[in-house]
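Beneath this line is the structure, given in structure tokens, with notes to follow.
All values below were derived from every heavy atom in this structure, side-chain atoms included, with hydrogens, water molecules and symmetry-related copies excluded. Along the sequence shown, residues carry numbers from 1.
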Amino acid sequence: MTTSPPQPPQNPYSGEPAGYGPPPQQFPQYSDQPGKPQQPGQQPGQPGQQQYADQQYGGQHYQQPGQTYPQDGGQQYPPQGQYPGPQYQGQQQYQQGQSYPQQGQAPQGQMACRFCGGYPAVEATVRGHQGLIIIMRFLKLQGPFCRTCGIASVRDMTAKSLWQGWWGIGSSIINPITMLMNIGPMQKFKGLPEPTPGQGRPMDPGKPLFQRPAILGLLLPVALIAAIVFANLNSTESKAKIGACVVNQGTSVKPDVKVVDCTSSEAEYKIVDKIDDSTDDSQCGESAEASYVYQKGSTKYTLCLTPVK
């Protein structure tokens with residue numbers, strides 16, 4: 001007695017696209033040997049019987065997506081839902097081991113900007129200075145720089161040095177030297193062409209230095225030097241010469257002698273002698289009725305005075 005084969009599901013291969021699966025009306029007997037009927041109670045998938053996914057229907061072998069098809073000589077196909085592109089047509093976009101620059105990257109062997117990735121770029125160091133009265137700071141910014149980022153760095157560092165670099169005796173000497181050292185890098189940056197954009201955003205060069213308020217920082221050393229010169233020219237020491245008149249604006253214990261015009265009503269004494277580098281008023285002659293001794297640091301002198309008649 002033979003049994004009728006069970007009816008297969010409409011699509012036993014639910015993972016396969018439409019068109020796969022056994023052709024209708026060609027379902028074989030589920031048996032290990034052709035022509036031998038399946039024994040009662042034997043279930044598919046037991047020993048001696050192949051699973052649905054491994055059955056051959058009508059001389060064709062069906063497998064899951066992504067597996068190798070024997071009839072195609074072992075060629076690998078993409079899984080279901082992925083469509084082969086040109087790279088699956090026997091051609092590759094690039095040869096293995098050969099690199100090609102991507103968008104925003106500098107070609108191989110060419111220097112790129114450290115800050116924006118643009119190219120061409122040049123190696124340089126931009127410097128700045130800060131004076132903090134008794135201490136100082138030396139600032140520097142290293143490249144490589146493209147043209148845009150390099151010019152922006154020089155302008156920014158120099159502008160800050162114009163305001164912050166003068167505060168200290170040593171800084172007032174070092175700061176101008178530091179700013180002059182940026183002339184060389186600036187010439188390098190101006191010699192570069194406009195950069196090819198990189199992956200980052202370039203710096204903003206802003207306005208030239210002479211169009212920024214920071215340029216007024218140059219007036220600080222000029223004003224300082226002018227104040228020192230003015231103070232020295234108007235000091236008592238420089239004006240206290242023989243024949244000049246003075247007035248004591250202090251006390252006898254703390255005298256504050258200033259040079260005034262002899263025709264002025266303020267004139268009290270007239271200088272009859274001046275002894276430099278000495279505080280010994282005994283060296284004044286008999287004509288002197290008073291004396292004024294000054295000593296501050298390495299500066300010292302004695303004025304021999306007589307009352308104005």
Side-chain angles (χ1 to χ4, degrees), residues 104-239 296-299:
Q105 293 184 354
Q108 186 176 4
Q110 189 168 7
M111 194 176 298
C113 179
R114 169 189 171 187
F115 302 94
C116 70
Y119 58 91
V122 65
E123 186 67 47
T125 301
V126 181
R127 303 183 184 275
H129 185 77
Q130 288 182 342
L132 305 173
I133 310 299
I134 59 176
I135 61 176
M136 60 185 70
R137 293 180 60 191
F138 296 88
L139 310 176
K140 67 178 180 179
L141 190 62
Q142 295 179 327
F145 298 89
C146 65
R147 174 186 173 92
T148 304
C149 294
I151 294 176
S153 298
V154 170
R155 291 177 178 177
D156 182 66
M157 295 282 279
T158 306
K160 291 179 179 178
S161 298
L162 285 171
W163 283 109
Q164 304 172 2
W166 305 107
W167 309 110
I169 298 176
S171 294
S172 61
I173 300 174
I174 296 175
N175 190 45
I177 299 176
T178 302
M179 291 187 293
L180 290 175
M181 292 175 65
N182 287 334
I183 296 178
M186 189 65 162
Q187 297 302 319
K188 285 185 178 181
F189 302 147
K190 288 185 175 180
L192 293 174
E194 290 295 330
T196 301
Q199 296 180 348
R201 183 177 180 180
M203 299 182 184
D204 183 11
K207 296 181 180 180
L209 283 175
F210 288 97
Q211 298 181 13
R212 299 187 182 195
I215 198 63
L216 298 176
L218 287 176
L219 299 179
L220 292 177
V222 175
L224 179 62
I225 294 173
I228 295 174
V229 172
F230 180 80
N232 289 331
L233 292 177
N234 290 273
S235 65
T236 302
E237 179 186 5
S238 62
K239 292 183 177 182
K296 186 176 182 180
S298 60
T299 304

Quick one, Thr148 and Met203 - any side-chain contact, counting heavy atoms below 4.5 Å?
no
Do Met157 and Thr178 have side chains that approach each other closer than 4.5 Å (heavy atoms only, starting at C-beta)?
no
Got Arg155 and Met186 here, is their nearest side-chain heavy-atom distance under 4.5 Å?
yes
Identify which one of Trp163, Phe138, Trp166 satisfies the ring-ring contact (aromatic ring centres under 6.0 Å, His included) criterion when paired with His129.
Phe138
Quick check: do Pro144 and Tyr119 have side-chain heavy atoms less than 4.5 Å from each other?
no
Distance check, rounded to the nearest 0.5 Å: Leu162 atom CG versus Met179 atom CE?
5.0 Å
For the CG atom of Asp156 and the CD1 atom of Ile151, what is their distance to the nearest 0.5 Å?
13.5 Å
Could you tell me which non-hydrogen atom of Gly131 sits nearest to which non-hydrogen atom of Ser171, and how far apart they are?
CA-OG, 3.1 Å
Kindly compute the distance separating CZ (Arg147) from SG (Cys113), expressed to the nearest 0.5 Å.
13.5 Å
Just so I know, are the side chains of Arg137 and Gln164 near enough to count as touching, which here means a heavy-atom distance under 4.5 Å?
no
Asp204 side-chain N/O to Ala152 backbone N/O, donor-acceptor pair under 3.5 Å:
no
How far apart are the closest heavy atoms of Pro185 and Ala124, and which atoms are they?
CB-CB, 4.2 Å
Closest non-hydrogen atom pair, Ala159 against Arg212:
CB-NH1, 4.2 Å
In Å, rounded to the nearest 0.5 Å, how long is the span from CD of Gln130 to CD1 of Ile135?
9.5 Å
Distance (rounded to the nearest 0.5 Å) between Met136 CE and Ile173 CD1
8.5 Å
If you compare all heavy atoms of Gly117 against all heavy atoms of Ala112, which two are closest, and at what distance to 0.1 Å?
O-CB, 3.8 Å
So which heavy atom on Glu123 is nearest to which on Met111, and how close?
N-SD, 3.8 Å
Any idea which heavy atoms bring Cys149 and Phe115 closest together, and the distance?
SG-CB, 4.2 Å
Interatomic spacing from CD1 in Ile169 to CD1 in Ile134 - rounded to 0.5 Å
11.5 Å
Option among Val222, Ile228, Leu220 that satisfies the side chain to side chain contact (heavy atoms under 4.5 Å, CB included) test with Leu224
Ile228
Please examine the side chains of Cys116 and Phe145, heavy atoms only from C-beta on, and report whether any two atoms are closer than 4.5 Å.
no
